[in-house]
Amino acid sequence: MKVIIAEKPSVGREIARVFGATTKKDGYMEGNGYTFTWAFGHLLQLAAPQEYGYYGWSVQNLPMLPAKFKLAIRKVKTKDGMVDDPGVKKQLDIIKKLFDEATEIIVATDAGREGELIFRYIYYYLKCKKPFKRLWISSQTDEAIKDGFRNLKPGSEYDTLFNSAHCRSQSDWLVGMNATQALSLASGTRGVLSLGRVQTPTLAMICARYLENKNFVPQLYYQVAIYPDKDGQVFKAISEKNFKTREEAQAIIDLVTGEGHIQNVEAKPRKEPPPLLHDLSSLQQEANKRKGFTADQTLGLLQNLYEGKLVTYPRTGSRYIGDDVFAGVPDLIDKLNSHPEFGKQAAALTGAKLNKRCVNAKKVTDHHAILPTGVVPQHLSADHQAIYDLVAGRMLEAFHQDCIKEVTRITLLSGSKFIASGTVIQTAGWRAVFNDKDEEKKDEENVTLPKVTQGEDLQITEKVLLEKQTKPKALFNEASLLKALETAGKEIEDEELREAMKEGGLGTPATRAAIIETLLTRKYILREKKNLVPTETGLAVYEIVRHQRIAHAELTGTWEKRLEEIRSGGSVAAFQEEIKTYTRAITQELLQAGKSFKAPVAI
DNA sequence: GCAAGGTC
């Protein structure tokens, strides 16, 4: 008997279906001589410190450097503390039984570093010795699955991938557990002051932005506005220059004559291509902007829709689909014909030539972009419907035509130069789907200008001296933070590190919402309206670690570079030694620096 | 009591 193991039930069942295996069992399926089972993501994790004899939290234990890491069943929090997750334990027992009966195992976990780790942890924990082969596919269409099975790879080809995954896992444990205990113990507070490769740079970004915003000194500057009249239609034009002093601006306003001479009119059409399909992060950002949902709420709602088979896999980092999936898109659009909000747009797209900007198999990673499945939703809650509509609406947008705008820029002379600019949508294209106002342009600039011609002289109806202030960068909200996490590392000077982070940024699509929640749970940050702002605790932690490596995205860049080297055959031992050295160093530093932790005043 | 990673 051959046993196929997938990362999650949806994939396991999908592969079973392609094989024509229809017999449903508890935790697996079988048919045609194959058995199809699955994990639920990571079933196993590196064991907690006490499993290596490091009892309690004690400076004597630090740094904790287990000679050999152990695996433990994933835990859940209950009122009696952390216990083995019963569902996970049950599934592991099922997998064990199937592996025991197997002649061969086929590994069908996701094609990536963590997918490899999910399987290997199970395999080694169960002390399984059966031979295994690897299915490596990046699309789950019937053809891709069949093709993958015709090209199964020897399991050992992925040993170095497992090595890199295991190193990632151990390194996060070593640095995170030790740094957390060191800071918590040294600070003299009783609480947990957690630190980690991802959460600490995230906290640092929020704190740095908050302080920058708070300490920002606005600069005053001045502009002159004039209001020319074209056949009764009055519009606004602003001085070409900004002025540092009121006097300079006053000198300009004094020069304004009763007339404005049209020196130049530029009217250019501008094509605006449709947005790409959603990946998890872009959807979380959109839902935060439009609906005020947190990243965590959006992920939860989307997971429910996925379990109801209404949308495709949610935790994707790709905004593209392959040609195979694209083939099904016309049907998906057709299914939206009766949608109350988008029905008309769906109908308009039916039979039209579809924009293929988001069709690119090379840019599909483990999973493709989020799409509706074509199953028509019924009785969704308002929140679920809102998320569903963002997915469905985005699909219509993505395959729609360009939006064509006309951007007009009028230059007037009235003593000095003045500029009026405006944008008019000529053909809505994809923007017809949600029919919102143009978000890029603020209302002031997004105006219709009258038709004027070069050489015309217009009467100036009014002139005004404007006093303005420079503005600080906005505080982070969930949407802008998610974006910042995605692009973290883009500014790193070292080219190789920047390159190593290019794909991922900080964290992964599946974990970013959880990172934000961790910072909230630790009371490092608070939600203040839509903004994320640091608490006094968060700022005090930031103050201690801000100049250390653990507070910067570069740490992830360094690791990613080394992990890639390991994947292509580089030394595991050398990296592990470096991590140990770093762990010793950061533990010592924090035991010292943590003493100056200024406990916030208790409320 | 603690990381980051995956998922129900």
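Each chain gets a letter, A, B and so on, in the order the sequences are listed, and its residues count up from 1.
Between dC2(B) and R522(A), a contact under 4.0 Å exists linking OP1 or OP2 to a side-chain N or O. At dC8(B), one or more side-chain N or O atoms of Q303(A) fall inside 4.0 Å of OP1 or OP2 (strictly under the cut-off). Between Q45(A) and the phosphate of dG5(B), there is no side-chain N or O to OP1/OP2 separation shorter than 4.0 Å. For dG5(B), the OP1/OP2 oxygens have a side-chain nitrogen or oxygen of T511(A) closer than 4.0 Å. At the phosphate of dA3(B), neither OP1 nor OP2 sits under 4.0 Å from any side-chain N or O atom of T180(A). At the phosphate of dT7(B), OP1 or OP2 sits under 4.0 Å from a side-chain N or O atom of R315(A).
Across all strands, P9(A) comes closer than 4.0 Å only to sugar-phosphate atoms, never to a base (heavy-atom distances). Within the nucleic acid shown, Y306(A) comes within 4.0 Å of sugar-phosphate atoms alone, with no base atom in reach, counting heavy atoms only. As judged by a 4.0 angstrom heavy-atom cut-off over every strand, V192(A) is placed among the base-contacting residues. Looking at heavy-atom distances under 4.0 Å, G507(A) makes contact with sugar-phosphate atoms alone, never a base. Using a 4.0 Å heavy-atom distance criterion, D110(A) is classed as a sugar-phosphate-only contact. Residue contacts shown for Q170(A) are absent, as no nucleic acid heavy atom lies under 4.0 Å away.
Minimum atom distance to the side chain of Y313(A) is reached by dT7(B), of the listed dT7(B), dA3(B), dG5(B). Relative to the side chain of A510(A), the nucleotides dT7(B), dC2(B), dG5(B) differ in distance, and dT7(B) lies closest.
When the P atom of dG5(B) is taken as reference, atom CG of L43(A) falls 18 Å away, rounded to whole Å. Summarising the geometry, the separation between NE2 on H42(A) and P on dC8(B) is reported as 13 Å, rounded to the nearest angstrom. Following rounding to the nearest Å, L44(A) (CG) and dT7(B) (C1') show an atom-to-atom distance of 13 Å. Nucleotide dA4(B) holds its C1' atom 12 Å from the CD1 atom of I118(A), rounded to whole Å. Between the CG atom of L92(A) and the P atom of dC8(B) there is a distance of 15 Å, given to the nearest Å. In this structure, E7(A) atom CD and dG5(B) atom P are separated by 14 Å, rounded to whole Å. When rounded to the nearest whole Å, the span between NZ of K75(A) and P of dA3(B) equals 15 Å. With rounding to whole Å, L46(A) atom CG is found 13 Å from dA4(B) atom P.
The residue among E114(A) and S58(A) whose nearest nucleotide of DNA chain B is located toward the 5' end is S58(A). Place K8(A) and R197(A) on DNA chain B by their nearest nucleotides, and R197(A) ends up nearer the 5' end.
Here the straight-line distance linking atom CG of L485(A) with atom CZ of R512(A) works out to 6.0 Å at 0.5 Å rounding. If you take CG on L43(A) and CD on E7(A), they are separated by 10.0 Å, rounding to the nearest 0.5 Å. To the nearest 0.5 Å, atom CH2 of residue W559(A) and atom CG of residue L555(A) are 5.0 Å apart. Taken to the nearest 0.5 Å, the CZ atom of R546(A) stands 12.0 Å off from the CG atom of L203(A).
Using modelled atom types, one finds a donor on one side chain and an acceptor on the other under 3.5 Å when comparing S187(A) with T189(A).
The residue from K77(A), K75(A), K89(A), K90(A) that alone fulfils the salt bridge (charged side-chain N to carboxylate O under 4.0 Å, His left out) condition with D84(A) is K75(A).
Stacking between W57(A) and the base of dG1(B) is present: ring centres sit under 5.5 Å apart and the planes differ by under 30 degrees.
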